[in-house]
Protein chains: 2
Amino acid sequence: MGARQREISVSEFFTKNRHLLGFDNPRKALLTCVKEAVDNALDACEEAGILPDVVIKVEVAANGEAAPPASQATRFRITVTDNGPGIVRQQIPPIFAKLLYGSKFHRLRQSRGQQGIGISAAGMYGQLTTGKPVVIVSRTSPRAPAHYFEVQIDTKKNEPRILEKKQIAWEAPRGTQVTLEVEGRYQKGRASVDEYVEQTIIANPHVKLTYLTPEGESKAYRRTFEQLPASPREIKPHPYGIELGMLLRMLQDTTHHTLSGFLSADFSRVSPNVADGICKSAGLSPRARPRDVHGQAAESLYKAIQATKIMAPPTNCLSPIGEPAILSGLYQQIKGEF
Amino acid sequence: MGARQREISVSEFFTKNRHLLGFDNPRKALLTCVKEAVDNALDACEEAGILPDVVIKVEVAANGEAAPPASQATRFRITVTDNGPGIVRQQIPPIFAKLLYGSKFHRLRQSRGQQGIGISAAGMYGQLTTGKPVVIVSRTSPRAPAHYFEVQIDTKKNEPRILEKKQIAWEAPRGTQVTLEVEGRYQKGRASVDEYVEQTIIANPHVKLTYLTPEGESKAYRRTFEQLPASPREIKPHPYGIELGMLLRMLQDTTHHTLSGFLSADFSRVSPNVADGICKSAGLSPRARPRDVHGQAAESLYKAIQATKIMAPPTNCLSPIGEPAILSGLYQQIKGEF
């Protein structure tokens, strides 16, 4: 051992292990790509407080020859356009062409995607199967120019490679458009793109959505609920929800100077009283420096936390759809006697 | 968008997504940890041409209290010792405490593990669930000292943190011992550690294996086949087995100066004749520079490859167990009338 040991880039790893990210087979891969792009579009709009207006276009990629019918095709071009806040120019290449880069991973807040790997993995899958770059157009305001990018991942380094960038004229005053060309299979039925679109409409009646199918149909779903879902709140971790390893790391990383202060400030539902109780039952001083609590002391602390009665976490960190919204989604989508 | 975008380390990603690596639940996690350590031990021995002599010890980790019975325990210490070539000192920390680091990923050769993520992920799982470091003892020859390391992963950076390193006296003249302390569940039956050990013995009759169970039993399996399996050969990729994206990358990375030379040198089963045939049917010059072949030309090349009849890949890149060896494994393990 020792010979030829070297680092493996995360892009190389997921190139070989793409099934881990939902690219098991061409059919599932097509769905995963559409889903990652739509998830990103909806999250971006909602975070900016904008009622989403999204267009999904899935076309057969003819590739210079006569286009086969959608059911026979093996290559598709997916374009998802939103009216979201747009992306600042410098962030476009890493967001779309670098795995493990994003804003949603490090915060404790509900959102659709959160791993920083969805849309860039979809782009990498496209690059691998069709050799085509991801094409992005984004504009942050009517007063700003629209930026056009073609990017790929340098898989050996997991860094974006910019093939083309320019300012272009774009009809939309604001928003983002992403185009992927991927190997895929278009089928109807369970776990199909069509089913995903219909379910998205039911669960997101505040979205205006247009779906241009690979068979040339245009399906327009109007907005049936004129209100954005309440924004989910970011919360601190609940003491019951962490593992020992996480507790050890938090003890090292905290900015608080006493164990009691750390417990009540860095967790949800831990009052100063509860914090003192935990310290006492762990046999530790509430004034102990968090950084000095490790090894056996940390284990005692961990056990004391599990043994202490602590109020359940607040639920306002969740943003449920709500009855009026889900009903309006169902009325639109499910035909039947209500 | 643009606010708080940042890189996510691969360790952080797999901390949140450990199910992707086989740490779904405590029972499966225990098996995964044992398996990763044993796979590494066997691969190391075989690569060095050493008949493996492996000891697997799984103990209940009492953690300062009275040890519960194995069936009730939630924490285990796993120690796997081999008589392999040992690991040079500098390589010990990254091999055991850095994800995506290894020697087996970049070569096209059969081996048990190959992702550079197995044993270090097991160590990270241990760190997360018990806070304990991975402990390694390794020695490369009777004339060299044995090195003792305690390492953890700095998950924010995916870099090893060395908690302790020293030279120690060790009875073994050569080999590696790794100890992990992890949260787990010990159960019998399907997909248990016991079953894995028995299957390993059947498929690897050239291994002498001792298994010390968490219930205090000692099971000794003698070596029943005195020959190492033939070493698998590293081969070049077969042209049918690559995707367009891979072909594009190989065209850029090759050291060959002509398309025909690239095809016959960088792939298996492509003779200069076959290479010229592929170029011709793609409408490309055999003298073209590989780096200049991209876009539509690369697509034509890819299609020409698929359409050309090419001999199946050689099979000597595989190392099957072989009839005498599998029989000797079966005779030892499966009681019945043969």
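These values consider heavy atoms only, across backbone and side chains, with no hydrogens, waters or symmetry-generated copies. Convention: sequence-line order gives letters A, B, ...; per-chain numbering from 1.
- In this structure, the portion of D253(B) lying under 4.5 Å from any heavy atom of chain A is its side chain and not its backbone.
- Heavy atoms of N17(A) lying under 4.5 Å from chain B belong exclusively to its side chain.
- Looking at heavy atoms from C-beta onward, L30(B) lies out of side-chain contact with R185(B) at the 4.5 angstrom threshold.
- In terms of heavy-atom pairs under 4.5 angstrom with chain A, the leader among G245(B), G295(B), A48(B) is G245(B).
- For Q127(B), the part sitting under 4.5 Å from any heavy atom of chain A is the backbone (N, CA, C, O) and nothing else.
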Item to check | Derivation and outcome, side chain to side chain contact (heavy atoms under 4.5 Å, CB included), residues N158(B) and K98(B) | outcome: CA-CA 6 Å; N158(B) 187 36; K98(B) 179 180 174 74; 4.0 Å; yes

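- Heavy atoms of F14(B) lying under 4.5 Å from chain A belong exclusively to its side chain.
- Within the 4.5 Å cutoff, side-chain heavy atoms of Y125(A) are placed close to those of C33(A).
- Interface residue S9(A): only backbone heavy atoms are found under 4.5 Å from chain B.
- Listed by chain and residue number, K28(B) satisfy the side chain to side chain donor-acceptor pair (under 3.5 Å) test with D24(B) (two or more places apart in sequence, or in another chain).
- Between chain B and the options K303(A), H19(A), E183(A), M246(A), heavy-atom pairs under 4.5 Å are most frequent for K303(A).
- With a 4.5 Å cut-off on non-hydrogen atoms, E12(A) touches chain B through its backbone and its side chain both.
- Not counting sequence neighbours, the partners of Q90(B) by the side chain to side chain contact (heavy atoms under 4.5 Å, CB included) test are V88(B).
- Heavy atoms of L20(A) lying under 4.5 Å from chain B belong to its backbone as well as its side chain.
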Checklist entry - So T155(B) and R249(A), side chain to side chain donor-acceptor pair (under 3.5 Å) or not? Walk me through it. => result CA-CA 10 Å; T155(B) 50; R249(A) 188 166 142 186; 2.6 Å; yes

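- By the 6.0 Å contact criterion, CZ on R89(B) is open, its count of non-hydrogen atoms from other residues, nucleotides or ligands being 12 or less.
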